[in-house]
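Just so you know, these numbers come straight off a predicted model, no measurement behind them.
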Amino acid sequence: MDNTASTRGMLKQTLILTTLLFLIAAPEPDAQDIAEITANFIVMDNHSVLLASTEQTGTEEKINRK
């Protein structure tokens with residue numbers, strides 16, 4: 001009986017640790033993923049992250065060296 005209880009305790013700890021590592025390593029779902037998972041019941045606006053612009057702004061940086 002004691003062996004079964006310790007095995008269940010180890011299994012519970014292993015499952016919790018595995019779930020924790022998965023949640024840390026899993027990428028954040030985007031709006032399209034959430035819509036697919038919920039069969040379009042929950043549809044969020046697709047907010048993209050800030051990206052660097054590919055257009056030139058026309059500003060030049062001057063470096064004064066002494």
Side-chain angles (χ1 to χ4, degrees):
M1 287 289 184
D2 291 333
N3 191 18
T4 304
S6 67
T7 303
R8 287 186 182 175
M10 289 285 291
L11 179 62
K12 183 178 179 180
Q13 291 175 354
T14 304
L15 289 175
I16 290 173
L17 180 62
T18 304
T19 304
L20 177 67
L21 292 175
F22 171 75
L23 291 175
I24 290 172
E28 181 179 332
D30 62 353
Q32 185 66 28
D33 291 337
I34 293 173
E36 287 179 11
I37 291 170
T38 61
N40 291 327
F41 183 73
I42 299 174
V43 179
M44 298 172 32
D45 292 336
N46 194 1
H47 296 290
S48 62
V49 295
L50 295 175
L51 299 175
S53 176
T54 57
E55 299 176 13
Q56 295 212 358
T57 59
T59 59
E60 294 182 11
E61 189 174 321
K62 294 182 181 179
I63 300 174
N64 294 326
R65 296 187 183 195
K66 295 182 181 181

Euclidean distance, Thr14 OG1 relative to Lys12 NZ, rounded to 0.5 Å
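It is 12.0 Å, given to the nearest 0.5 Å.
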OG1 of Thr18 to CG of Leu23: how many Å apart, nearest 0.5 Å?
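Rounded to the nearest 0.5 Å, the OG1-CG separation comes out at 11.0 Å.
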Hydrophobic cluster (4.5 angstrom, side-chain heavy atoms) - remaining members for Leu11
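Leu15, which link up through side-chain heavy atoms under 4.5 Å apart, make up the rest of the cluster.
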Under a single-linkage rule joining Ile, Leu, Val, Met, Phe, Trp and Tyr whose side-chain heavy atoms are separated by less than 4.5 Å, which residues share a cluster with Leu21?
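Under the 4.5 Å side-chain rule, Leu21 groups with Leu17.
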